[in-house]
Chemist: 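Please find one structure pasted underneath; my questions will follow.
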Protein chains: 2
Amino acid sequence: MPQQDRAYATRESILHAAAEEFDRLGYERTSLTAVLARAGLTKGAFYFHFASKEAVARALIERQGELWAQVRETWHASGVDPLSALHGMFAESADRMAADVVLRAGVRLAADREIGYPGVPSAHVGWEKLIAGYVAEAAERGDLRAGVDPDAVARTLCGAALGARLISSATTACADFPARIREVLGHVLPCVASSSWKLSGSQNAVDGRAEP
Amino acid sequence: MPQQDRAYATRESILHAAAEEFDRLGYERTSLTAVLARAGLTKGAFYFHFASKEAVARALIERQGELWAQVRETWHASGVDPLSALHGMFAESADRMAADVVLRAGVRLAADREIGYPGVPSAHVGWEKLIAGYVAEAAERGDLRAGVDPDAVARTLCGAALGARLISSATTACADFPARIREVLGHVLPCVASSSWKLSGSQNAVDGRAEP
């Protein structure tokens with residue numbers, strides 16, 4: 001393996017090993033020793049790539065941020081109606097998180113830094129605004145029931161997604177997160193959408209079959 | 001004040017001061033020094049009542065457990081239909097938590113011990129079972145739409161309540177938790193209930209007016 005590829009592989013193996021620990025234990029209780037043991041690396045190899053545990057955490061948080069931007073872009077480009085795009089983004093995000101510990105750890109680290117401490121959780125406030133924008137767009141198209149408040153729908157979906165992830169993470173290492181998020185969408189969207197709205201786009205059901 | 005009353009008052013002031021700190025910072029980051037400063041008490045006075053920070057935390061967790069049993073009992077005795085009882089219990093719990101830091105801290109401590117760490121979150125699993133029981137009872141009475149899975153509804157409500165509490169706690173010290181929980185109920189219950197079901201019982205809206 002050329003030196004550059006080897007360096008890349010080592011960096012990825014550190015990120016992966018750290019993600020495994022962060023995902024299970026959170027930031028505080030993750031030890032660098034455990035990460036090194038998991039990756040089969042020396043401290044020297046680690047410090048060649050990262051200055052600290054904090055630097056690895058920041059790399060994981062950054063990576064999940066990039067992925068969400070990509071998921072949003074894909075669904076924006078798909079041209080489906082806003083409620084279907086919301087459904088697609090939530091479901092795809094849950095699928096990816098269930099499948100990828102690196103992504104899952106990044107999401108947990110980002111959320112843990114906001115939730116449970118005094119101070120404004122800017123990312124969650126940002127998510128609520130983003131989702132409210134989609135729901136408001138649905139309202140303009142006549143896809144929303146009369147009297148439904150887009151901001152309230154955004155608050156419900158954001159909170160439900162956060163709670164579903166936490167319970168799913170604690171019970172099944174997020175294996176049932178895709179199913180839980182689809183249950184949330186199935187319990188909320190038909191309740192707030194107008195009767196003429198129909199889910200569209202290439203939506204994958206949790207077992208891989210297309211949804212009706 | 002007789003000695004017994006004074007001892008009771010001191011114990012309560014410790015619980016209250018500790019609750020203020022636990023509610024803001026969680027267990028790990030709460031220091032006994034800050035609790036004592038807040039209560040205006042010496043270490044000696046503290047240790048007369050509690051053996052440790054852990055002992056205060058356990059007292060707060062126990063107290064919130066007793067309160068939920070009481071809320072359940074009240075709604076059970078009210079004789080309203082199961083979905084209305086669920087609505088009432090969720091809303092009343094949120095109202096009480098917004099108003100009472102001792103209760104709020106107990107709930108946070110209990111949840112923090114389960115969420116975010118490997119291991120089965122037994123309380124959340126217990127809540128899901130309890131709620132699923134109410135929804136299953138509603139199904140038997142014909143209050144549920146055909147095809148709705150009571151277990152799935154319980155998972156959605158439990159996750160949504162947890163997420164709503166966490167976001168509300170981080171943004172408004174739970175001041176908007178009553179409004180958020182009613183939004184969740186308003187977005188989910190009409191979607192899963194049969195068209196003939198109507199909310200009944202003495203339900204207080206978030207601003208104190210009776211709900212329609």
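Below, chain A is the first sequence line, B the second, and so on; all start at residue 1. Fair warning: this is a prediction, and the values are worked out from it, not measured in the lab.
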Chemist: Of the non-hydrogen atoms in C191(A) and G186(B), which two are nearest, and what is the gap between them?
Modeler: SG-O, 4.1 Å
Chemist: Quick one: of L166(A), D23(A), I181(A), V192(A), who has the most non-hydrogen atom pairs under 4.5 Å with chain B?
Modeler: L166(A)
Chemist: May I ask you to test the V188(B)-V184(A) pair for a side-chain heavy-atom distance under 4.5 Å?
Modeler: no
Chemist: Between I167(A) and E128(B), is there a side-chain heavy-atom distance shorter than 4.5 Å?
Modeler: yes
Chemist: Going from CD1 on I115(B) to CG on D112(A), what distance comes out if it is rounded to the nearest 0.5 angstrom?
Modeler: 11.0 Å
Chemist: Given that the side chain runs from C-beta out, which part of A152(B) has a heavy atom under 4.5 Å from chain A: side chain, backbone, both or neither?
Modeler: both
Chemist: Evaluate the side-chain contact (heavy atoms from CB on, under 4.5 Å) criterion for residues L162(B) and L162(A): first the C-alpha distance (whole Å), next the side-chain angles of each, then the deciding distance (0.1 Å), finally the verdict.
Modeler: CA-CA 8 Å; L162(B) 171 63; L162(A) 170 63; over 6 Å; no
Chemist: Measure distances from R165(B) to the heavy atoms of chain A and classify the residue's part below 4.5 Å as side chain, backbone, both or neither.
Modeler: neither
Chemist: In this structure, are over 12 heavy atoms from other groups packed under 6.0 Å from E62(A) atom CD?
Modeler: no
Chemist: Roughly how far apart are T156(B) OG1 and H187(A) NE2, rounded to 0.5 Å?
Modeler: 4.5 Å
Chemist: From E183(A) CD over to R155(B) CZ, what is the distance, rounded to the nearest 0.5 angstrom?
Modeler: 4.0 Å
